[in-house]
There are 2 protein chains.
Amino acid sequence: MYKYEIIANEIRNKIKANEFKINEKLPDEKTLSNMFKCSRMTMKQAMDMLVSEGYIIKSRGIGTFVRPQYGPDNKNKRYSNHPNTFGFSSNFEGYDKKTEVKEFKVIEANEEIVDKLQLKRGEFVYSIKRVRFLNKKPIILEQIYMPIDKIVGLNKEVVENSLYDYIENSIKIKIYNADKIIRAKSANNDDINYLKIEEGDPIIEMEHVVYSQNNSPIEYAIIHYRGDSYELHFVTKKE
Amino acid sequence: MYKYEIIANEIRNKIKANEFKINEKLPDEKTLSNMFKCSRMTMKQAMDMLVSEGYIIKSRGIGTFVRPQYGPDNKNKRYSNHPNTFGFSSNFEGYDKKTEVKEFKVIEANEEIVDKLQLKRGEFVYSIKRVRFLNKKPIILEQIYMPIDKIVGLNKEVVENSLYDYIENSIKIKIYNADKIIRAKSANNDDINYLKIEEGDPIIEMEHVVYSQNNSPIEYAIIHYRGDSYELHFVTKKE
DNA sequence: TAGTGGTCTAGACCACAAC
DNA sequence: TTGTGGTCTAGACCACTAG
C-alpha cells in the first residue's frame with residue numbers, strides 16, 4: 001500500500017469513528033503533512049481521494065471540512081452509494097446485508113461478453129447471478145461475468161461474500177479503474193422475480209467493465225437497482 | 001488558465017481533430033513534458049484530466065493510448081455523455097442540437113431549493129425549464145434553479161444558449177465541482193408532455209448541485225433524460 | 001495581512017510490462 | 001534490461017478568503 005493510501009485510510013477511519021466530526025475543520029495540509037511525515041503533494045493526494053469519495057470538502061483559502069455523510073437511509077428512505085467506491089460490502093459496512101446466489105456456472109462467452117472482456121471466441125467465463133438484500137429487502141440484482149483464467153479458484157462461498165475482497169486479497173489482483181454506463185429501464189422478468197417489484201417499475205441499470213492494473217478486463221457486470229429504493233451519489237470535480 | 005489545462009486542451013483538440021488517432025500510442029510522459037516544457041507532475045495532471053474525461057487510457061509499463069470515443073449515436077442509437085464534462089453544449093459539440101425554453105421566471109425559493117442552494121428563507125431564484133433536442137428529437141428536460149444574486153444579468157437569450165458559457169466567460173464564475181445523484185423514475189406529466197413519451201416510460205433523473213470555486217452553490221437542477229435514448233458514461237479510477 | 005489550498009518544479013526512486 | 005506510468009520529496013510561488 002502506498003503512503004497516500006495509508007494516510008487516507010487513517011483519516012477515513014477517524015471520520016467513520018466520529019473522531020473527526022461532521023463539519024469539523026481539519027488541520028491545514030501543511031500541518032497534516034508534518035503530522036504524517038510526508039510531503040504536501042502526498043498529503044494532497046490522500047485528501048483528494050477522500051474528496052472524491054465524498055468524505056471531505058476542501059475550499060481554497062478556507063480549509064478542509066468533514067462532510068455530512070451519505071449512506072443508507074439518509075434520504076427519502078432510499079439506499080445510496082458512491083460508484084467511486086468499489087463494492088457492495090465496503091459501501092454498506094455495518095448494515096444488515098445479505099447476498100443470495102441465484103446462479104453460479106461456467107458458460108461459453110457470447111459475442112457481447114467476448115467484446116467487453118476482450119476474449120477470444122470460445123473462451124469460458126463464470127456467470128453469476130446474485131441478489132443483494134439490505135435490511136432484508138432485495139435491492140440489487142447483479143449479473144456478473146468473469147474470465148475463468150483470470151479469476152482463478154472462484155467458488156460459491158466466495159461469491160456469497162465479497163468478490164472484491166477475494167480478488168484483491170486472495171488472488172492479489174489490483175483493481176485499476178472501471179467504465180460505467182448508467183441507464184434507466186423498466187423491470188424485466190428477472191427484476192420482477194428477484195427484486196419483488198411490479199411490471200413496468202423503473203430500475204437503474206449500471207453496466208460496468210472493471211479493469212485490473214494492466215488494463216485487462218476482469219469483470220463485466222450488469223447491475224439492476226430498484227428505482228424506488230436506490231440512488232447513486234457522486235462527486236464530480238472540474239479539474 | 002493553468003498550464004495543465006492548456007496542455008490538456010491542446011491534446012484534447014488533437015484527439016478531436018483526429019491528429020492523434022484512435023488506439024494510437026502517445027509519446028511517453030517524459031517526452032511530452034519536454035515537448036510542453038513542463039515538469040512530469042504537471043504533464044501527469046494534464047493526462048489524468050483526459051483519462052477522467054474518457055479520451056485516453058494509461059497503462060503503467062506500456063504507455064498511453066487514445067481511446068475509442070463515446071458520443072452520440074455510438075451505441076444502440078442512444079445518446080451519451082460523460083457527467084464529468086460540464087454542459088450540454090460541450091458534450092454535443094458539432095451535433096444538430098436545439099434548446100427550447102419553456103419557462104423562465106423568478107420565484108421565491110421553496111424549502112428544497114433553500115436547502116440545496118444554501119439560501120435564506122425568502123430569497124429569490126431563477127426558475128428555468130428547458131428542453132434539449134438532439135437531431136430534432138426531444139431528449140432532455142431540465143428544471144434549473146439559480147440564485148439571482150450570484151448569477152447576475154441572466155436573460156432568456158442566455159438561457160436559450162449555453163448557461164455555462166455565460167457563467168464562466170461573461171460573469172467569470174469558476175466552476176469547482178458538483179454533487180450528483182442519479183435515480184430511475186417513471187415519466188411524469190412534464191416528461192410525457194415535453195419529451196413526447198408515454199406514461200410509465202423510464203427516465204434517468206439526475207439531480208445536481210454545482211459549486212463555484214469558493215464552494216458556494218450556484219445551480220440546483222433536476223434533469224430528466226429519456227430512458228430509451230440516453231445513457232451516462234463515466235470512468236471511475238481507483239486511486 | 002495571514003491562512004489556506006492549488007499549481008509547478010526538477011529530480012529520485014518504485015512497480016509493472018515487454019523483450 | 002529497457003520503457004513506461006506511479007509515487008514521493010522539499011520547496012517555491014500563486015489564487016482565493018477572511019480579518
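Basis for what follows: all heavy atoms, side chains included, without hydrogens, waters or symmetry-related copies. Letters go in sequence order (proteins before strands), and every chain restarts at 1.
Side-chain atoms of A:E142 and A:K129, non-hydrogen and from C-beta on, never get closer than 4.5 Å to each other. Residues A:V159 and A:L154 meet the side-chain proximity criterion, which asks for heavy atoms closer than 4.5 Å. Side-chain contact between A:Q143 and A:Y145: present, with at least one pair of heavy atoms (C-beta onward) separated by less than 4.5 Å. Between A:M49 and A:R12, the closest side-chain pair of non-hydrogen atoms falls below 4.5 Å.
Put simply, CE on B:M43 is 14 Å from P on D:dT4, counting in whole angstrom units. Protein atom CD of B:E29 is 14 Å distant from nucleotide atom P of C:dT9, rounded to whole Å. A:M49 has its CE atom 16 Å from the C1' atom of D:dC8, to the nearest Å. Distance A:Y211 OH to C:dC16 P: 20 Å, rounded to the nearest Å. To the nearest angstrom, C1' of C:dT9 lies 16 Å from OH of B:Y4. Per the geometry, CE belonging to A:M1 stands 14 Å off C1' belonging to D:dT7, to the nearest Å. D:dC14 atom P lies 17 Å from atom CD of B:E5, rounded to whole Å. The distance from atom CG of B:N34 to atom P of C:dG11 is 11 Å, rounded to the nearest whole Å.
In the set C:dG5, C:dT4, C:dC8, C:dC8 carries the atom at the smallest distance from any side-chain atom of B:Q45. Looking at the side chain of A:T42, the nearest of the listed nucleotides D:dC8, D:dG5, C:dT9 is D:dC8. Here the side chain of B:Y2 is nearest to one of C:dG5, C:dC8, D:dC8, namely C:dC8. With D:dA18, D:dG6, D:dC8 as the candidates, the nucleotide lying closest to the side chain of A:I62 is D:dA18. Nearest to the side chain of B:D28, among D:dG5, C:dT4, C:dT9, sits D:dG5. Between C:dC8, D:dC8, D:dG6, one nucleotide has an atom nearer to the side chain of B:K3 than all others, and that is C:dC8.
Between C:dG6 and A:K58, a contact under 4.0 Å exists linking OP1 or OP2 to a side-chain N or O. Phosphate proximity of C:dG5 to A:T64: present, with a side-chain N or O under 4.0 Å from OP1 or OP2. Within the structure, a side-chain polar atom (N or O) of B:K25 is placed less than 4.0 Å from OP1 or OP2 of D:dT4.
Each of A:M41 and B:K30 was assigned the nucleotide of DNA chain D with the nearest heavy atom; the assignment lying further toward the 5' end belongs to B:K30. Taking the nucleotide of DNA chain D with the nearest heavy atom to each of A:R60 and B:T31, the more 5' of the two is matched to B:T31.
A donor and an acceptor atom sit less than 3.5 Å apart, one in the side chain of A:R40 and one in the base of C:dG6.
Using N1 to N3 plus N6-O4 or O6-N4 for Watson-Crick, or N1-O2 and O6-N3 for G-U wobble, each under 3.5 Å, D:dG19 pairs with nothing.
Using a 4.0 Å heavy-atom distance criterion, A:K44 is classed as a base contact.
Here B:K3 pairs with B:I7, B:C38, B:T42 under the side-chain contact (heavy atoms from CB on, under 4.5 Å) rule; sequence neighbours left out.
A salt bridge does not link B:D28 to B:K58: none of the charged nitrogens lies less than 4.0 Å from a carboxylate oxygen.
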